[in-house]
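Data first, discussion second: the structure below is written as structure tokens.
Because only heavy atoms are used, hydrogens play no part in the values below, and waters and symmetry mates are left out as well, while side chains stay in.
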Amino acid sequence: MATHRAIRPWAAVAFGVVLGLASPVEAAEPVPLDPTLQEQLASGEFAPALEAAHRAPSAALRDTLLTQVALAQARAGSSQAAIQTASQISGDQARAQALSGVAAQPLGGFGGAAMADFESLIELIVTTIQPTTWDEVGGPGSIAEFPTGVHVDPQGMLQRLPKAETDEGLSALRASAATRRRHESARRQSPLRMVSLPRLEKHVQLRLAAGLPPTEAMQVLAGLQRIEYVFAYPETGDLVLAGPAGDWRLDAENHCRSVDTGRPVLRLDDLVVIFRHVHSAADPKFGCMINPRQEALAKVQAFLDKSSKVAIRPDDRRAWLERLRSQLGKQDIVVYGLDPRTRAARVMVEADYRMKLVGMGLEEGVPGVKSYLDLIEVPPGGSPPPMGVLRWWFTLNYDALVASKDRRAFALRGQGVKVMSENERLTAEGKRIHTGQSEQLNQAFARSFTEHFEAMAAKYPIYAELRNLFDLALVAALVREEGLAEKVGWHLTCFGDAQAFPVELANAPKQVETVVNHRLIHDRRAGRVHVIAGVSGGVEVQPAALVAPQAIHLESDNRLAGRHAYVAPKPEMRPDAWWWD
């Protein structure tokens, strides 16, 4: 698999029916334009208009004037320049309003006479080559249509084009650019990478407005492998996720994994899906279930009761198991809280299903993790456990959330995932009755899986993918409970709107063939077959209790507050930066 392969083609994206959490952007009250500025916009003199906008005495007025400049540029047919102007708007709601207005303008502005398409070429140049240095955005550089081997400098002086550089000069420039790309690449390994969600949203929003998909680095959150910290910076408007990061690749099972550690990296679609749900639902819990059907369990119960009266000869065992399978049929898959067509839902279902295969001895574990059947030890003259429904499910497993005293820095502590167990009783009608109890063997499997989770996640990346979802769920609930988005002035105008940012959707999983396994147990009756036929459970994500104010521990040594200050965004950061080390 090529290292730089895109995570998914944007053309394959379908629009999701997901409740958006962005509030409608109210139209700002019209601000009377200064006559000079109005004349500049009318005549297409956008550079001095931009300068005037940036001299506005307040951020709100500056955003309003920049919006009017952007709309004027869009009406004139300079959509890329309009998007670049919108990128300078500091308020996310004002920026969303400006981009909405730009998108509403007819393509090509008011049209004009047929001529060479220098406008498209110029837009391509100024939006890809040092986009913050051109005069349209207040920089010193200038470019204009003049196809005769000359150009106009910022002072309006007409000059001949300089001679082409020597090959040595071009080679030096290319080498310098390559070094800079490596230094700035999100693929560089980092023990602690910071990703600002408001900045990331802004640049995703600008790319979408320009008809471009998020970059691959955006889709994998700059290679973040886990979330260890959440930092809020109200003074700069940043809400930051921080953790180890580095280069990534797609493996044979389409998991996007770290090149250095093998861990799956976090995904933008998962973040958006989980944040939308947690911030818009009355109850932030979500999960999935894979359940055997009641009528099938009733048939199995009757079949086993009948079969128990007659010893099964070795030659008949295969046919007996096939008859058992025919009684079981399919199991139902239920996803709640999230759209079942999302990637996050598919991760939960796959992790749950494969955990059950390990428990039933149909997928290999790791040293220290035995299947339920392998754990059965029958003493001489004894009997194996009775046929029933074993319930195994994944849930959150965090030791604590730790907060700085000013509650602007938070640390996630703990493994993140554990497996729980329960034994359910079956009635003759196949109805499952929760007991709230788990017998010793059932507990042993769940405990061993939890204790060896890191090894299981290294062998089967789907379990680490599930932990990434748990991290995102805990962070989203923390942001909601602590009001962190409000503290930094972030309104999720793009990530919170299903129409503004559609996530990738696929067919929803609805059912799966029941998998049966058995073990031949030798006893005084010369052989007995023990069967696992019904296994239920799922994934249960309930983060609310972990983020309650009384559940969050305040640090006593100020180390977390010190880290918060040390990794804060710096004033010299580039305008297009949304992550840093």
Side-chain angles (χ1 to χ4, degrees), residues 21-23 25 28 53-67 86-98 132 137-138 184 190 192-206 221-222 224 227-243 245 271 275 279 401-412 475-476 478-496 547 549 552 554-555 557-581:
L21 51 101
S23 300
V25 180
H54 283 292
R55 290 195 300 269
S58 69
L61 180 58
R62 182 178 65 249
D63 285 353
T64 299
L65 296 179
L66 287 172
T67 297
S87 73
Q88 301 170 59
I89 297 174
S90 58
D92 58 354
Q93 290 179 312
R95 184 170 56 251
Q97 179 185 351
T132 61
V137 293
E184 296 175 349
S190 172
L192 190 67
R193 175 157 297 159
M194 277 58 67
V195 175
S196 170
L197 295 183
R199 295 185 193 225
L200 171 60
E201 181 189 54
K202 170 185 174 180
H203 292 293
V204 168
Q205 191 175 34
L206 292 171
L221 299 182
L224 273 185
I227 303 173
E228 295 182 345
Y229 302 97
V230 179
F231 299 127
Y233 299 96
E235 60 277 7
T236 61
D238 288 296
L239 181 59
V240 173
L241 307 183
L271 181 147
F275 264 66
H279 285 261
L401 271 172
V402 182
S404 60
K405 294 175 184 177
D406 63 2
R407 304 184 86 88
R408 292 188 178 185
F410 301 85
L412 282 65
V475 168
L478 175 68
V479 170
R480 167 177 163 161
E481 180 66 28
E482 293 287 320
L484 298 182
E486 292 81 0
K487 285 182 180 179
V488 303
W490 182 38
H491 301 91
L492 286 81
T493 57
C494 180
F495 290 167
V547 299
I552 298 177
L554 291 181
E555 67 169 356
D557 54 10
N558 293 323
R559 295 172 67 180
L560 188 55
R563 185 178 291 272
H564 173 269
Y566 181 75
V567 302
K570 304 298 188 291
E572 63 270 18
M573 285 173 53
R574 289 173 40 170
D576 59 347
W578 51 271
W579 64 268
W580 62 94
D581 293 329

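- Looking at Trp578 and Val204, their side chains never come closer than 4.5 Å, going by heavy atoms from C-beta outward.
- Side-chain contact between Glu482 and Phe410 is present, with at least one heavy-atom pair separated by less than 4.5 Å.
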Hey, mind stepping through Leu271 and Leu241 against side chain to side chain contact (heavy atoms under 4.5 Å, CB included) and telling me if it holds?
CA-CA 11 Å; Leu271 181 147; Leu241 307 183; 3.9 Å; yes
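- Between Leu239 and the choices Leu200, Val230, Val195, the side-chain contact (heavy atoms from CB on, under 4.5 Å) rule is met once, by Val230.
- Using a cutoff of 4.0 Å between basic side-chain nitrogens and carboxylate oxygens, Glu235 and Arg408 are scored as salt-bridged.
- Considering only residues two or more places apart in sequence or on other chains, Glu555 meets the side-chain contact (heavy atoms from CB on, under 4.5 Å) condition with Val402, Ser404, Asp557, Asn558, Arg559, Leu560, Ala561.
- Evaluation of the salt bridge (charged side-chain N to carboxylate O under 4.0 Å, His left out) rule for Glu481 yields no partner, not counting sequence neighbours.
- Minimum interatomic distance between Ala53 and Arg62 (heavy atoms only, all atoms of both residues): O-CG, 3.3 Å.
- You'll find the side chain of Asp581 reaches within 4.5 Å of the side chain of Arg193, heavy atoms only.
- Using a cut-off of 4.0 Å between Lys/Arg side-chain N and Asp/Glu carboxylate O, Lys202 and Asp92 are scored as not salt-bridged.
- In terms of heavy atoms, Ala242 sits closest to Met194 at CB-SD, 3.8 Å.
- Nearest heavy atom pair, residue Arg199 against residue Pro569, reads NH2-CB, 3.7 Å.
- For the residue pair Gly91 and Asp63, the shortest heavy atom distance occurs at N-OD2, 3.0 Å.
- The two residues Glu228 and Leu192 come nearest to each other via the heavy atoms OE1-CD1, 4.3 Å.
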Output, in order, the C-alpha distance, side-chain angles, deciding distance and verdict of side chain to side chain contact (heavy atoms under 4.5 Å, CB included) for Thr493 and Gln97.
CA-CA 9 Å; Thr493 57; Gln97 179 185 351; over 6 Å; no
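- Heavy atoms only, all atoms of each residue included: Leu554 and Lys405 are closest at CD2-CA, 4.5 Å.
- Note that CH2 of Trp490 is 6.0 Å distant from CD of Glu201, once rounded to the nearest 0.5 Å.
- At least one side-chain heavy atom of Val479 sits less than 4.5 Å from a side-chain heavy atom of Val475.
- His54 places a side-chain heavy atom less than 4.5 Å from the side chain of Leu66.
- Annotation: side chain of Val240 is not in contact with side chain of Val567 (no heavy-atom distance under 4.5 Å).
- The ring pair (Phe, Tyr, Trp, His ring centres under 6.0 Å) check on Phe231 picks up Tyr229, His564, with sequence neighbours excluded.
- Taking CD1 of Ile227 as the reference point, atom CG of Leu412 lies at 7.0 Å (rounded to 0.5 Å).
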